[in-house]
Amino acid sequence: MRETCAPSRPFTVRTCPLHRDATIRAIGLDERHRFRMLELGLREGSVIRVIQRSNFSGRVVAKGAERIALDGQTAASITVTLNDSTNEQ
């Protein structure tokens, strides 16, 4: 039987569409910056939502009730996949 739903293509936080839930798949930063992301609660498997674009390709992401501003370079280093949105009407 063939799969009817294609898997989500990978995005970065920088290229992710606004207001869609996405799961972090990889964080391509050096150890020091990766540790900072972990302190902020951004780790592989975390569900986030890009809620705002800012100057110089920066993004504001929501993780639960938290709002985290990321610069463009950091946003481009975090790979995400969009979550299934079949429950949207």
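It should be emphasised that the depicted structure is a prediction, and the values quoted were computed from it without experimental measurement.
Across all their heavy atoms, Thr81 and Pro10 have their closest contact at CG2-CA, 4.2 Å. Across every non-hydrogen atom of Val50 and Pro17, the tightest pair is CB-O, 4.2 Å. Here the closest non-hydrogen pair linking Gly41 and Ser46 is O-OG, 3.3 Å.
Taken from CZ in Arg53 to CZ in Arg59, the straight-line distance is 5.5 Å, to the nearest 0.5 Å. One distance of note links CG of Leu70 with OG of Ser57; it measures 12.5 Å at 0.5 Å rounding. Between the CZ atom in Arg34 and the CZ atom in Arg43 there is a gap of 11.5 Å [rounded to 0.5 Å]. Separation of atoms CG (Asp84) and CZ (Arg20) is listed at 8.5 Å; rounding is to 0.5 Å. Distance check, rounded to the nearest 0.5 Å: CG of Leu29 to CG of Leu42 gives 10.0 Å. The distance from the CZ atom of Arg36 to the CG atom of Asp30 is 13.5 Å, given to the nearest 0.5 Å.
Taking a 6.0 Å sphere around CD of Glu31, one finds it holds 12 or fewer heavy atoms contributed by other residues, nucleotides or ligands.
The backbone N or O of Val60 lies less than 3.5 Å from no partner atom in the side chain of Arg67, so there is not a single donor-acceptor pair.
Val13 and Leu18 end up in the same hydrophobic cluster when Ile, Leu, Val, Met, Phe, Trp and Tyr side chains are linked at under 4.5 Å.
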| Test log, rule side chain to side chain contact (heavy atoms under 4.5 Å, CB included), inputs Lys63 and Leu40 | CA-CA 9 Å; Lys63 181 181 177 295; Leu40 294 170; over 6 Å; no

| request: Go through Ile78 and Met37 one step at a time and tell me if the side chain to side chain contact (heavy atoms under 4.5 Å, CB included) criterion holds. | output: CA-CA 10 Å; Ile78 301 173; Met37 294 297 104; 4.1 Å; yes

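Thr15 and Thr12 share a donor-acceptor pair across their side chains, judged by distance under 3.5 Å alone.
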